[in-house]
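Data block below; observations after.
Start at 1 and go down the list; that is how both ligands and their atoms are numbered.
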Amino acid sequence: MPETNSIVDIRATVVQIRRISTAVTIITLDCPAIAVTAKPGNFVNVKVNDTTLPLLRRPFSIHNVRGSLIDIMVKSIGPGTTLFCDRAPGSTVMVLGPLGNSFDIAGKEFDTAILLSGGIGTAPMLFLEKTLAAKGKKVINLIGGQSKEDILAGELSNCRFATDDGSAGFRGNVVELLHSELAALKKEGRPKVFACGPNAMLKAVARYCHEQQLAAEVSLESVMGCGIGICYGCSVEVKSPDGGLRTILLCREGPVIDAKLLAV
Ligand SMILES: Cc1cc2nc3c(=O)[nH]c(=O)nc-3n(C[C@H](O)[C@H](O)[C@H](O)COP(=O)(O)OP(=O)(O)OC[C@H]3O[C@@H](n4cnc5c(N)ncnc54)[C@H](O)[C@@H]3O)c2cc1C
């Protein structure tokens, strides 16, 4: 979890808007105070306009950090995301962050990082890949979608794709792709999986990694209000050590959790 005193709420200028598909836009914000302390897996909570509609901020993963700039990859699915993607360069938004915990990449227990993502879950992977590469870790991206239009590989390297309709790469889901690649990946060194995508996909990832005794972390999604543990909007149930279930606030104890904590 980031130091709470490193969290700032700042008015950030929209520097650039790049539409990369019909529904997905990369928004670049000038946020020096957030860029300097951000870690892969962290997110920001953005007030997408200055009116009360929508009232609540919207959470987004940090897609990339470039000096004082942060990139956010946004899929338009409703009013908040559409308003955000329609912001003009030069306009400003309030940005709270960096929030949440981060992927655990410090350990020496793995040599190869398998970055496994589905749909807009690919958003945090570029920042994660760059940080892992700077630490000398080998990285492979396994990216899934319903069809090739859902694959958001962008600047990621060493990518393999899985699509349900077979329009790009492997025909099947991304967990099946992991299964088909795993033996070869294990020969290259000890793997660890870092996953982000729809929660149903993450449960399947957690189940598979549990069966294969693979170290894995998953970045979960939930509807979220404040992003700082006040509203309790992002309560999710995870496994507790006694085998039962316990509730965590995803904005503070997540969004990244050990895959073992997902009820499998
Ligand atoms: C930690 C975190 C990181 C995120 N990172 C990104 C990101 O990098 N890029 C991105 O595009 N989106 C991301 N999201 C999801 C994003 O916050 C939502 O898509 C956004 O809040 C929707 O706002 P809206 O007003 O457009 O749609 P709304 O009208 O609020 O929602 C539209 C529909 O989507 C559902 N929905 C809303 N939020 C979520 C959610 N979090 N999970 C599942 N369903 C939801 C609603 O129930 C509704 O059915 C992230 C969410 C979390 C919790």
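- Between the side chains of T28 and D71, at least one donor N or O sits under 3.5 Å from an acceptor N or O.
- The nearest heavy-atom contact from the protein to atom 40 (C) of ligand 1 is E221 OE1, 3.3 Å.
- Less than 4.0 angstrom separates some heavy atom of G80 from each of these atoms of ligand 1: 24 (P), 25 (O), 26 (O).
- Heavy-atom proximity to A123, at under 4.0 Å, picks out these atoms of ligand 1: 8 (O).
- In terms of protein heavy-atom proximity, atom 34 (O) of ligand 1 is closest to I77 CD1, 3.2 Å.
- The distance from ligand 1 to the heavy atoms of G78 drops below 4.0 Å at these ligand atoms: 24 (P), 26 (O), 27 (O).
- From the protein, the heavy atom lying nearest to atom 23 (O) of ligand 1 is R58 NE, 3.0 Å.
- The nearest protein atom to atom 5 (N) of ligand 1, hydrogens excluded, is given as S61 N, 3.0 Å; this is a heavy-atom distance.
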Let me check something: any side-chain donor-acceptor pairs from residues 183-198 under 3.5 Å, sequence neighbours excluded? List them with distances.
residue, atom, partner, partner atom, Å
R190, NE, D111, OD2, 3.1
R190, NH1, K108, O, 3.4
R190, NH2, K108, O, 3.0
R190, NH2, D111, OD1, 3.0
K192, NZ, D104, O, 3.1
K192, NZ, E217, OE2, 3.2

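- The neighbour count for Q16 CD, taken as heavy atoms of other residues, nucleotides or ligands under 6.0 Å away, is above 12.
- Closest approach of I17 to C85, counting heavy atoms only: CG2-O, 3.9 Å.
- Looking at atom 11 (O) of ligand 1, its nearest protein heavy atom turns out to be K75 N, 2.8 Å.
- Hydrophobic cluster membership for M73: I20, V24, I26, I120, L152 (Ile, Leu, Val, Met, Phe, Trp, Tyr linked by side-chain heavy atoms under 4.5 Å, directly or transitively).
- At a heavy-atom cutoff of 4.0 Å, ligand 1 is contacted by the backbone of S222 but not by its side chain.
- Across every non-hydrogen atom of L56 and R58, the tightest pair is O-NH1, 3.1 Å.
- Salt-bridge formation is detected for the pair D50/R11: a Lys NZ or Arg NE/NH1/NH2 atom is positioned less than 4.0 Å from an Asp or Glu carboxylate oxygen.
- Counting only heavy atoms, the protein gets under 4.0 Å from atom 17 (O) of ligand 1.
- Closest to atom 29 (O) of ligand 1 among all protein heavy atoms lies P79 CD, 3.4 Å.
- Put simply, the residue from V48, V46, L96 that forms a side-chain contact (heavy atoms from CB on, under 4.5 Å) with R57 is L96.
- The protein non-hydrogen atom at the shortest distance from atom 4 (C) of ligand 1 is P59 O, 3.5 Å.
- Using a 4.0 Å cut-off to heavy atoms of I120, the atoms of ligand 1 that qualify are 9 (N), 10 (C), 11 (O).
- The distance from ligand 1 to the heavy atoms of V74 drops below 4.0 Å at these ligand atoms: 11 (O).
- Between M224 and ligand 1, no N or O atom pair is found at a separation short of 3.5 Å.
- In terms of protein heavy-atom proximity, atom 38 (N) of ligand 1 is closest to V223 CG2, 4.0 Å.
- When side chains are defined from C-beta on, V95 does not count as touching D9, because their heavy atoms never get closer than 4.5 Å.
- Cation-pi geometry between K137 and F110 is met: the NZ or CZ atom falls under 6.0 Å from the ring centre, inside 45° of the normal.
- Between P255 and ligand 1, a contact under 3.5 Å exists for no N or O pair.
- Not a single heavy atom of P54 sits under 4.0 Å from any atom of ligand 1.
- Within 4.0 Å of atom 43 (C) of ligand 1, at least one protein heavy atom is present.
- Of the N or O atoms in T82, none lie within a sub-3.5 Å distance of an N or O in ligand 1.
- Remark: R160 engages E181 in a salt bridge, criterion side-chain N to carboxylate O under 4.0 Å.
- Remark: K130 NZ is packed, more than 12 non-hydrogen atoms of other residues, nucleotides or ligands lying under 6.0 Å away.
- Residue-ligand proximity, M73 to ligand 1, at heavy-atom distances under 4.0 Å covers atoms 7 (C), 8 (O), 9 (N), 10 (C), 11 (O).
- By the criterion of a heavy-atom distance under 4.0 Å, both the backbone and the side chain of T81 are placed next to ligand 1.
- A distance of 6.5 Å separates CE of M201 from OG of S117, quoted to the nearest 0.5 Å.
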